[in-house]
Amino acid sequence: MKSLTTNNNNRALTGFWIESSLKISPKEQVEVMERIFGTDSTYSERTQNILKQVMLISEENNTEISIYGKTGMGKAEGIVVDAWFTGFAETLEGNKYFCVYLGQSDAGNTSSTAAKEIAIQILNDNK
């Protein structure tokens, strides 16, 4: 099966969860983000900063919050069955962790891009 990502052609690194038994809930995705970037993180500041550089959503021009995240999606028999955008927003009140998960729809519009757009809209509406 061809990898669904365009930034890395190594199937072992980019597609191991696609059409597999590996499952992670949206709640678990949020918990992972908080373990990495939260106040009780065991990760070094350097590691956190490197991850933040990779995850920064650069097209956001909002100066009140910085949004960091990662998209993903899963397929079954060639059909996108779920998609998500998970991450956090740095705000004046502290980090807000999130995961927007979209399941398969009859309209066929399930995409990680849609999940990302929904998350950004929610975060901007609730700043």
* Asked: Does Phe85 have any ring-ring contact (aromatic ring centres under 6.0 Å, His included) partners at least two apart in sequence or in another chain, and if so, which?
  ->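 So Phe85 forms a ring-ring contact (aromatic ring centres under 6.0 Å, His included) with Phe98.
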* Asked: Considering residues at least two apart in sequence or located in another chain, which fulfil the ring-ring contact (aromatic ring centres under 6.0 Å, His included) criterion with Tyr101?
  ->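 With sequence neighbours excluded, Tyr101 shows a ring-ring contact (aromatic ring centres under 6.0 Å, His included) to no residue whatsoever.
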* Asked: Do Val30 and Phe88 belong together in a cluster built from hydrophobic side chains that touch within less than 4.5 Å?
  ->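 Same hydrophobic cluster.
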* Look at the side-chain heavy atoms of Ile, Leu, Val, Met, Phe, Trp and Tyr, link any pair under 4.5 Å apart, and say whether Tyr43 and Met55 land in one connected group. =>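 Yes, because Tyr43 and Met55 connect within a single hydrophobic cluster, where side-chain heavy atoms sit under 4.5 Å apart.
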In Å, rounded to the nearest 0.5 Å, how long is the span from [atom1] of [X] to [atom2] of [Y]?
X	Y	atom1	atom2	answer
Ser66	Leu123	OG	CG	11.5 Å
Thr113	Ile118	OG1	CD1	11.0 Å
Ile57	Ile120	CD1	CD1	5.5 Å

* Asked: Does any pair with a residue in residues 29-45 pass salt bridge (charged side-chain N to carboxylate O under 4.0 Å, His left out), and if so which ones, sequence neighbours excluded?
  ->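 Sorted pair list: Lys27-Glu31.
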According to side-chain hydrogen bond (donor to acceptor under 3.5 Å, both in side chains), who are the partners of [X], at least two apart in sequence or on a separate chain?
X	result
Ser111	none
Ser25	Glu28
Thr42	none
Thr47	Ser44

* To do: Mind checking side chain to side chain contact (heavy atoms under 4.5 Å, CB included) for Thr91 and listing every partner two or more places apart, or none if nothing turns up?
  =>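 Ile65, Ala89, Glu93, Lys96.
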* Residues in side chain to side chain contact (heavy atoms under 4.5 Å, CB included) with Ile50, at least two apart? ->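 Side chain to side chain contact (heavy atoms under 4.5 Å, CB included) check on Ile50 returns Arg46.
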* Mind checking salt bridge (charged side-chain N to carboxylate O under 4.0 Å, His left out) for Glu90 and listing every partner two or more places apart, or none if nothing turns up? =>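 So Glu90 forms a salt bridge (charged side-chain N to carboxylate O under 4.0 Å, His left out) with Lys52.
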* Asked: So do Phe37 and Leu51 actually touch side chain to side chain, heavy atoms under 4.5 Å?
  ->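 Yes, close enough: below the 4.5 Å cut-off.
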* So, for Ala114 and Leu102, which heavy atoms are closest and what is the spacing to 0.1 Å? ->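 Result for this residue pair: CB-CD1, 3.8 Å.
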* State whether the side chain of Ser112 and the backbone N or O of Ala83 hold a donor-acceptor pair below 3.5 Å, judged by distance alone. =>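 No.
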